[in-house]
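For reference, the structure is listed below as structure tokens.
Per chain, numbering begins at 1; letters A, B, ... match sequence-line order.
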Protein chains: 2
Amino acid sequence: MQRPGGRTARVRTAVLKAAEDALVEVGFAGLDLGDVARRAEVGRTTVYRRWGSVGALLADLLTDMAEQSLPRARTGSLAEDLRTNARLVARTLADPRQGALFRAVLVAATCDRDAAEALHRFYRARVEEWAPCVTEAVDRGELPPDTDAAEVVRAVSAPLYYRMLTTPDPLDEVTADRAAATTLAAAHAGTFRRPVT
Amino acid sequence: MQRPGGRTARVRTAVLKAAEDALVEVGFAGLDLGDVARRAEVGRTTVYRRWGSVGALLADLLTDMAEQSLPRARTGSLAEDLRTNARLVARTLADPRQGALFRAVLVAATCDRDAAEALHRFYRARVEEWAPCVTEAVDRGELPPDTDAAEVVRAVSAPLYYRMLTTPDPLDEVTADRAAATTLAAAHAGTFRRPVT
DNA sequence: CCACTAACGGAACAGGAATCCCGTTAATGA
DNA sequence: TCATTAACGGGATTCCTGTTCCGTTAGTGG
């Protein structure tokens, strides 16, 4: 018999919140389930029993984040939509709290199977959310009909993540707008057309 | 008085090699300095004293990698150069040994200050190595004169890293070629021109 | 309202990583 | 060749993470 009500849910919320706080403060490497339990004012045993590993905890955290992520833009202009997306991603990654969270989860995904799967689900969902911006542009005749919408959406985010990971430079609006413009130009040039199989 | 000769250098080489092996086998999360010492047939104390942390060890490893990284292509054609670069990056990341190494170092950089600095130096050096491909194309009149060469080079790698981190899909040649083509199209369209300050 | 039991939590315990101590080895320079 | 000392290495020690045990709390269904 499962008991999702009351206490169980309260504990989960408190632990996920505490895990977020801990991540922001000490980062992924310094994350310790005992510390999370203390912050959540919950027994260590509970955290170890329900999640068992840092990876599993982050996977759960990511699932939670996926549920409350923002809907896509609907400006009616592909250029505008891509720029909105790029700025949203840049702002998210630049935010001390959210950025630390994303970095931690990316890291966890390279170490832990559960976290990796949760991460892949998260990004698949995000890409699917934004893909209509592209397919609608295709329908309007702005882009070639065999354009791979998912790849276009990914192309917007890629430079931002790459910059965050490999340089000490901040993620500003200029960078975001360039990512959007680059993707748009390439999409118009047809480089995102699905290769003939 | 420093003693770089003989034994010291031998120990460093053995430890770095052992660290690489360990990384490939157990990944970043499972890395344990004691295990590295055992593999290198070196005293645990030595490893803890000279490096002290996983981050510092990886930073040293990365410095070592930077020294023996490959020179850029010189095909005389920007399209060809970018494609060569993209394929090189894709092959490196897809390689079980090198790929694991890069992922581990990226991870370490998000946790450890030393590793982060070493990583930034590494990528700055790589970008500088390949930037001439772009500036020469600018000189030939293929691209706008105020094109930001470094950004063009980064744009080639970005989609590959993003794909590796956020999807379970393999990094194949199609992906690499698309990254190069996308960058080329955008560069021609002028999206990598330095914004007027 | 009560019996049942899923889920929690404190405390004791176990295992392993990081540190410290101190004797040994081998570069270095005269 | 020899004195000096940087650097190494084995072993004891400390500290901390994760597990286990078992009594307690509080959702759930009747």
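Residue pairs meeting the ring-ring contact (aromatic ring centres under 6.0 Å, His included) criterion with at least one member in residues 56-98 of chain B, sequence neighbours excluded, do not occur. Legend: side-chain hydrogen bond (donor to acceptor under 3.5 Å, both in side chains) pairs involving residues 90-102 of chain A, not counting sequence neighbours, sorted by first then second residue: A/Glu20-A/Arg97, A/Asp21-A/Arg97. Applying the ring-ring contact (aromatic ring centres under 6.0 Å, His included) test to residues at least two apart or on different chains, none of the pairs has a partner in residues 14-33 of chain B.
With sequence neighbours left out, A/Glu142 forms a side-chain hydrogen bond (donor to acceptor under 3.5 Å, both in side chains) with A/Arg140. Under the side-chain hydrogen bond (donor to acceptor under 3.5 Å, both in side chains) criterion, A/Arg39 pairs with A/Glu25, A/Asp35, not counting sequence neighbours. Shown here are the side chain to side chain contact (heavy atoms under 4.5 Å, CB included) partners of A/Ala149, two or more places apart in sequence or in another chain: A/Ala131, A/Val134, A/Thr135. For the side chain to side chain contact (heavy atoms under 4.5 Å, CB included) test, residues two or more places apart in sequence or in another chain that qualify with A/Asn85 are A/Val89, A/Trp130, A/Val153, A/Val156.
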Expected list for residues 102-115 of chain A: side-chain donor-acceptor pairs under 3.5 angstrom, two or more places apart:
residue	atom	partner	partner atom	Å
A/Thr110	OG1	A/Val107	O	2.8
A/Asp112	OD1	A/Asp114	N	2.8
A/Asp112	OD1	A/Ala115	N	2.9

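For DNA chain D, the residues of residues 42-51 of chain A within the heavy-atom distance limit of 4.0 Å (strictly under) are A/Thr45, A/Tyr48, sorted by number. Of all the residues in residues 13-41 of chain B, not one reaches under 4.0 Å from DNA chain D with any non-hydrogen atom.
Residues A/Thr84 and A/Asp81 have side chains that never bring a donor and an acceptor to within less than 3.5 angstrom of each other.
Within 4.0 Å of A/Arg10, counting heavy atoms only, lie sugar-phosphate atoms of the nucleic acid but no base atom.
Where the helix from C/dC1-D/dG30 to C/dA30-D/dT1 starts and where it ends, the local axes point in directions that differ by 50°; five pairs per end, rounded to 10°.
Hydrophobic clustering, defined by side-chain heavy atoms of Ile, Leu, Val, Met, Phe, Trp and Tyr closer than 4.5 Å, leaves B/Val174 isolated from every other such residue.
Regarding A/Arg7, its CZ atom lies at a distance of 9 Å from the P atom of C/dA7, rounded to whole Å.
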